[in-house]
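Have a look at the structure below, then the notes.
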2 protein chains.
Amino acid sequence: MKKAPTIRDVAAAAGVSVSVVSRVLNPDSGPVAPAKREQVLSVISDLGYRPRAAARELSAGHALTVGLVVTDLANPFFAQLADRVVWEARSHGVQVVVMTTQEDPHLEAESLDTLLDRSVGGVIATPTGGNIEKWDRLRDLGVNVVFVDRAIAELGDVDVVSIENSDSARRATDHLIALGHERIGLVTGPASTSTGRSRIGGYRAALESASIDIDPILVRDVPFRGDGGGDAVGSLLALPEPPTGLIVANTAQVQSSVRRLVQMGVRIPDDLSVIVFDDNPWTELTSPPLSVIRQPIGMLAVHSLELVLGRMQGRLPAGARTIEVKADFVPRSSCAAPARSATSKSATR
Amino acid sequence: MKKAPTIRDVAAAAGVSVSVVSRVLNPDSGPVAPAKREQVLSVISDLGYRPRAAARELSAGHALTVGLVVTDLANPFFAQLADRVVWEARSHGVQVVVMTTQEDPHLEAESLDTLLDRSVGGVIATPTGGNIEKWDRLRDLGVNVVFVDRAIAELGDVDVVSIENSDSARRATDHLIALGHERIGLVTGPASTSTGRSRIGGYRAALESASIDIDPILVRDVPFRGDGGGDAVGSLLALPEPPTGLIVANTAQVQSSVRRLVQMGVRIPDDLSVIVFDDNPWTELTSPPLSVIRQPIGMLAVHSLELVLGRMQGRLPAGARTIEVKADFVPRSSCAAPARSATSKSATR
DNA sequence: TTGTACGCGTTATCAT
DNA sequence: ATGATAACGCGTACAA
């Protein structure tokens with residue numbers, strides 16, 4: 001087991017001082033005679049020398065690393081987000097340390113501490129909603145924070161990247177309304193999150209525009225973890241007046257919701273029209289293929305990283321930025337006009 | 001923007017020397033008077049002091065970090081693997097730096113260099129197959145390497161964790177044979193990988209045991225990236241004598257394969273019996289639900305991390321270890337006896 | 001039991 | 001244009 005060469009080894013082998021080697025490595029830090037530069041470079045590649053990140057960080061005070069804090073990577077949404085963040089980051093020469101919270105503020109707090117220890121230059125996170133003061137402290141210590149997918153109301157002046165939640169939910173609802181649905185179920189994330197609230201808002205706005213009464217019992221905000229989606233779907237369909245249309249707007253609950261529909265033998269779209277918020281390609285492999293609101297995860301990742309890196313390099317004006325990217329509605333075969341018998345009000349017609 | 005307190009600040013505030021603080025932090029490194037210990041701890045929590053990882057690493061020579069090198073996180077197999085690795089690692093106080101290779105040896109090489117710079121204590125990787133000398137150098141520099149899911153023949157003396165590839169493929173094949181299938185298509189990973197070879201081996205072994213002739217044209221080894229799966233399926237079904245059963249044993253190709261089947265309107269299991277190697281829950285949401293070989297990804301992750309950490313702490317005997325975990329066969333509704341008209345040999349019966 | 005002083009590898013400052 | 005040297009923050013022999 002050899003020992004990796006240090007900058008001193010290079011300097012010695014090249015017959016120069018460490019300063020010269022350092023300047024060769026960081027061109028902007030000072031001049032080097034072309035001759036020596038070549039010589040040093042040659043020795044570097046000869047010895048296979050590489051600067052140790054730890055030493056750099058110690059000296060610089062911060063690392064060329066960003067933390068990515070998400071619920072868990074088993075959720076395709078976060079998996080794809082992570083994939084793009086890692087990929088995008090690499091092209092900028094920065095590494096990504098991934099941490100998962102399971103939506104538990106306590107684990108989140110731990111993660112933040114750890115990232116602080118590592119002096120990461122920035123953090124991209126889907127916050128649980130807790131740890132307000134911790135997030136503040138992090139920012140106060142010079143760590144650039146970007147929230148993705150969700151925001152925290154109590155925390156102002158933070159960059160946020162998300163999809164147009166309200167608009168997306170509204171478009172999905174509009175689509176069902178246009179088909180003639182009046183009782184539309186909504187399964188979404190906790191109302192304690194900005195995302196959940198916005199989507200409920202979009203849903204209500206669509207119904208109001210169509211002068212359809214809003215029945216609160218049709219709106220179910222379920223936790224991100226667990227399979228509350230399936231249960232919500234079950235209880236919605238067990239209603240005296242069940243919905244004829246369903247929107248699953250919590251990506252973490254799509255699988256359990258669809259599974260429940262399959263188990264119950266619900267015929268789609270005959271018994272129920274369905275639209276889900278999508279991050280997974282399999283939505284077109286079911287029968288029928290599901291109409292989806294497609295989230296542009298790549299865009300979320302790119303913008304998030306753009307913001308963190310921009311801040312890290314100080315090439316961004318002060319003041320929080322909020323970026324909302326548009327989500328596409330992809331119509332497939334899971335939506336149709338409601339069965340007349342199910343539409344109570346027009347049953348007499 | 002404040003500055004984080006250092007060990008010196010703590011020492012000063014507590015009226016002791018830095019070494020006392022250090023010993024409080026690392027209990028095994030020396031004795032501390034109970035009184036002072038309490039005092040120091042109180043100051044630490046007061047100031048919110050946390051040791052800087054960079055300084056530790058620099059001094060220790062290696063970081064409490066492991067690198068995870070996989071193809072990409074968009075593949076549910078790797079996403080779940082990463083999820084478990086990150087989770088498992090956290091409980092041991094180690095962080096995970098994720099890097100993706102897109103199956104490109106060049107990108108892999110870059111990743112290894114980067115991980116080397118970071119002095120990671122270990123690397124868990126699904127190797128592309130190239131960079132033999134680079135892997136060797138890494139190990140030579142004291143980085144503990146564990147290959148997961150695949151091995152590299154040219155690289156001996158490396159820990160490997162994988163599923164029982166040969167056995168799994170054999171069981172899937174046996175299942176179809178038992179149903180009466182004689183022409184069974186196999187879509188698997190590149191024959192240049194240990195995984196691909198083993199699965200082909202299991203497939204052949206099953207056929208040989210049943211005295212069924214092996215038709216090489218039924219075996220398609222396709223790259224991990226891209227959607228070669230769909231094309232392979234298309235060409236298999238376009239054969240003069242198409243298979244009546246199909247095994248998709250390359251998880252990266254399952255989606256494109258199934259998509260193609262759906263597009264072609266193939267009736268499962270009437271026209272074709274299908275078994276896929278599974279990492280995604282949606283395989284039971286298709287119609288019919290697919291019979292799968294379920295890979296115990298959690299076990300792969302746990303064992304991999306166990307090995308790396310064990311080596312890092314030097315509490316593992318020398319000598320490479322190979323761990324194979326059993327995969328379950330989960331029968332669902334995508335397999336049936338072949339249609340008699342399709343079975344050429346018994347058509348006369 | 002406690003404190004001092006040095007090393008870890010790099011960058012930045014300041015002479016030369 | 002180059003070189004010596006002092007940080008950066010922590011661990012740790014070694015001395016007291």
A:Arg37 CZ to D:dT2 P, straight-line distance once rounded to whole Å: 10 Å
Separation of atom CD in A:Gln39 from atom P in D:dT2, rounded to whole Å: 10 Å
Lys/Arg N to Asp/Glu carboxylate O, B:Arg118 vs A:Glu57, below 4.0 Å: yes
Electrostatic pair B:Glu110:A:Arg90 at N-O distance under 4.0 angstrom: yes
Side chains of B:Thr193 and B:Thr195, donor plus acceptor under 3.5 Å: no
Rounded distance (Å) that lies between atom C1' of C:dA12 and atom NE2 of A:His62: 14 Å
Note: A:Arg84-A:Glu306 ion pair, threshold 4.0 Å (strictly below): no
Main-chain N/O of A:Val18 paired with A:Ser22 side-chain donor or acceptor, under 3.5 Å: no
Helix axis bend for the helix from C:dT1-D:dA16 to C:dT16-D:dA1 - C1'-based end axes, five pairs, 10° rounding: 50°
Summary of protein contacts for nucleotides 3-16 of chain D, nucleotide by nucleotide, where a base hit scores B, a sugar-phosphate-only hit scores S (4.0 Å, heavy atoms): BB---BBBSB----
Salt-bridge criterion met for B:Asp117 and A:Arg50 (N-O under 4.0 Å): yes
Test: A:Asp104 and A:Arg225 ion pair at under 4.0 Å: no
Contacts of B:Asp46 that satisfy side-chain contact (heavy atoms from CB on, under 4.5 Å) - sequence neighbours left out: none
